[in-house]
Amino acid sequence: MKGKSPDLESTGSGTTTKRSSVSSGSRSRTRRDFLTRFTNSEHFTDKLQDWFASSLQNSESDEPVFDPPFELVELQKFDYALEGVSYSFQQLTRMPNAVYASTSSSVEANAYLAIEDFLHATVKTLWEAFWSQEDEPVPFSVGCLYNQNLKFYQAEQALALGQLEDLSATGVLLKNPRHPHGKWDHILELALLRPDIESDHHQPSLVILGEALFYALRILIARSVSRLDFSQSSNCVFILVVDTQYGGVVKVEGDVSKLDFDVRSVYDCAAEWVQNHSKVSVSPVERVWNKLGNANWGDIGALQVVFATYHSIMQFFGPPRHSIEDLAADHTSRLHSRRQERHLGEDTSLNETGAFRSPEIVEVQEEKKIERGESMKLEVGSVLWLEDSNYQKGYQISHVSLPHHIASPVDDDDDSGRAVFLYVGSPPSQLEPAWEDMSLWYQVQRQTKILSVMKQRGLSSKYLPELHGSGRVIHPGQCQKPSSGGRCDHPWCGTPILATTPVGETVADLVNEGMFGPEEAIRCCHDCLSALSSSSSGGIRHGDIRPENVVYVTSGVRQPYFVLIGWGHAVLEERDRPAMNLHFSSTYALQEGKLCAASDAESLIYMLHFCCGGDLPDLDSVEGALQWRETSWSKRLIQQKLGDVSTILKAFSDYVDSLCGTPYPLDYDIWLRRLKRNLSEDHGKDIETSG
């Protein structure tokens, strides 16, 4: 839905929402008729019995019947991202424990209240941590589904009216005052509260799975006739299955246009679609609540449920303002800070007898401890000094963000008032998990090397970042670094720092602000292609082109232009590996882990496609990403979308398509000339084609 309020979906204004591209009015009515008849989950589950039996027979005895929706490494990375916000996860209504309950009905009643509070805490924390800006209100509500009319009510209301037995699910919905009891196309996800959900295969029982598939298909059909503007990810739904201790996730994805909407046999048609046109993923059932009724937020059971909710929000509001990668990068500094808290600087080396030598207690140690606590925090106004072999430079921070801050040089008359991007790494550690090998510290080091190599090889272009300063942070107090090298106990000792120019607003921000139009798209393509032309002439490929790594420079220039930044994953040698991004990496990079000659241009096409309104698919695996690329190129969906923006972009995408995965290099010069001719004539003379 790209962040638009659901309140606007019924106003009929073409400037605020777009109608879903369902084919004809009659087809829409047929789907609505189908939906009104598709109301009995038991009938539906009965139709799937043969499919269930076949699935069981085809699986190994000790193996799960279905693949999980998330890889363990994804959950680990998500766990690191939540470290800084986990304090906000607060379930105030405890989940009841059946062992200590007086009656089963009281357990079920309190369980509905608890799951409602659990989902509320989840969506509120995720929204504020990843999407919200300036205390933006939470756009979601949580309610229980009343089985008699398939509408949503607050749990307290239903329980007060004695309708406990008629509650069938708890849902997270978009808030809409015009529809206080919810609409099915406003459902982000549903949670089914059922007793004893686990089967012999550590996955939900087949009866519960059939019910989850029933509700997932209802949501998919409702979205297909909705007036909301969904992305391609609307073809995917997450259903949570929980009891008073355990929980799991069922993910259903598929194209409902392949469903035969025969209203005379709705359950047969629905079962046929599930068996032949859907992909079902089911997580292991894991413990979510402890014996006191508190959610184990940091454990895998609650984590996979929260991760499913994260993906559900992204289906409606697009990529978050703060990505998982950005928030997870802080794990390095938090881990180092924790080690510094544990290690007070004592000398614990062995003495001659083999026993640990007790350190002398001196006041210097206490001074260091105070400095350590004060110096770890970066905020607006902070001044960082860097030291290189030949000079010292200071930078005062004016804006704090990741992966780079905005700062201005201190006591530098030549650069008075000039802003720079300031990249500050974290001190290296031997204790980091393997997935953080490309942590913020490494990327600062790597990007410094790449920009230095560019300078040595004479690669210059206004569309490439320029190295302003690099070195190590000069920390407060006396450095106790040993003469043989290494670092002292101060947390900033050895921290790499990099300053680059120019500074601009990222393409991601331009898109969010609605400022990325056809003119900007063509200019962005030209300028990035020019940057790639310059770097490739020196044997350097970028390897990580995405909206966050392209900035729009407007300050102090007559004609704004784009600069390709973020060279921390650049490929210099055969052994180097590019970044792996399911949405923006080239096909060859995903298949081989390497770049071909056209890989950066292919990534540029994906970036322009998504930034110009192309559907952002919900991709959770390399296989899914490759399938999306194959389908999009074969059906010319990317060319058609870019053709709506400009014929030159469509032509360029056709050209890149012909080179994907081949060793043939791009003809940069001819395409830079063609793109230049398609920019406004008034600006043509300001365009530089290459350095």
Side-chain angles (χ1 to χ4, degrees), residues 41-42 89-125 140-148 150-173 181-182 187-199 202-205 207-212 214-216 238-250 282-297 299-306 308-309 312:
S41 63
E42 293 181 2
F89 287 104
Q90 293 185 351
Q91 181 180 348
L92 301 181
T93 305
R94 303 294 191 257
M95 182 64 76
N97 192 314
V99 176
Y100 305 111
S102 57
T103 64
S104 60
S105 61
S106 67
V107 171
E108 189 176 1
N110 290 326
Y112 270 108
L113 296 173
I115 191 63
E116 196 173 79
D117 192 50
F118 173 85
L119 292 175
H120 172 78
T122 299
V123 295
K124 181 178 185 294
T125 303
F140 312 115
S141 63
V142 180
C144 290
L145 181 64
Y146 185 53
N147 205 33
Q148 298 300 319
L150 297 179
K151 292 185 178 181
F152 289 87
Y153 301 86
Q154 293 299 307
E156 291 90 343
Q157 292 177 307
L159 298 176
L161 296 174
Q163 297 171 334
L164 174 63
E165 66 278 2
D166 291 322
L167 298 182
S168 57
T170 304
V172 179
L173 303 93
H181 297 300
I187 298 174
L188 273 74
E189 69 179 1
L190 281 180
L192 308 183
L193 178 62
R194 302 292 183 268
D196 302 325
I197 61 172
E198 188 177 15
S199 70
H202 304 292
Q203 291 186 331
S205 66
V207 173
I208 294 174
L209 180 58
E211 200 172 0
F214 167 77
Y215 285 112
F238 292 92
I239 303 293
L240 313 180
V241 290
V242 298
D243 56 27
T244 57
Q245 297 182 71
Y246 297 90
V249 177
V250 178
V282 184
S283 76
V285 171
E286 302 282 356
R287 183 140 198 161
V288 177
W289 291 276
N290 60 26
K291 292 182 179 180
L292 294 177
N294 296 306
N296 300 316
W297 295 105
D299 206 354
I300 193 168
L303 200 62
Q304 63 188 9
V305 170
V306 174
T309 307
S312 299

Over all heavy atoms of both residues, which pair between Ile208 and Pro195 is shortest? Give the atoms and the distance, please. CD1-O, 4.5 Å
Is there a side-chain contact between Val288 and Asn296, using heavy atoms and a 4.5 Å cut-off? no
Which atom names give the shortest non-hydrogen contact between Ala191 and Ile115, and what distance separates them? CB-CG1, 4.3 Å
List the atom of Gln304, the atom of Gly248, and the distance in Å for their closest heavy-atom pair. NE2-CA, 4.1 Å
In this structure, CD of Glu189 is separated from CD1 of Ile239 (nearest 0.5 Å) by 8.0 Å
I need the Phe214 CZ to Leu192 CG distance, nearest 0.5 Å. 10.5 Å
On a heavy-atom basis, the closest approach of Thr244 and Ala111 is CG2-CB, 4.1 Å
What is the minimum heavy-atom distance between Val250 and Val282, and which atoms define it? CG2-CG1, 4.3 Å
What is the distance from atom CD of Gln90 to atom OG1 of Thr122, rounded to the nearest 0.5 Å? 12.0 Å
On a heavy-atom basis, which atom in Ser312 and which in Phe238 lie closest, and how many Å separate them? OG-CD1, 3.6 Å
Roughly how far, to the nearest 0.5 Å, is the OG atom of Ser168 from the OH atom of Tyr215? 3.0 Å
Should Val242 and Phe118 count as side-chain neighbours, where that means a heavy-atom distance under 4.5 Å? no
Return the CG to SG distance between Leu113 and Cys144, rounded to the nearest 0.5 Å. 7.5 Å
With side chains defined as the heavy atoms from C-beta onward, is the minimum distance between Thr309 and Leu188 less than 4.5 Å? no
Before you tell me yes or no, could you show the steps for Leu119 and Phe140 under side chain to side chain contact (heavy atoms under 4.5 Å, CB included), namely the whole-Å CA-CA distance, both residues' side-chain angles and the distance that decides it to 0.1 Å? CA-CA 10 Å; Leu119 292 175; Phe140 312 115; over 6 Å; no
From His120 NE2 over to Thr170 OG1, what is the distance, rounded to the nearest 0.5 angstrom? 14.0 Å
With a 3.5 Å distance limit and no angle check, can you tell me whether Gln245 reaches the backbone of Gly293 through a side-chain donor-acceptor pair? no
Short question: side chain of Glu286, backbone of Asp299 - any donor-acceptor pair under 3.5 Å? no
Side-chain donor or acceptor of Arg94 paired with backbone N/O of Pro96 under 3.5 Å: no
Just say parallel, tilted or perpendicular for the rings of Tyr153 and Tyr146, cut-offs at 30° and 60°. perpendicular
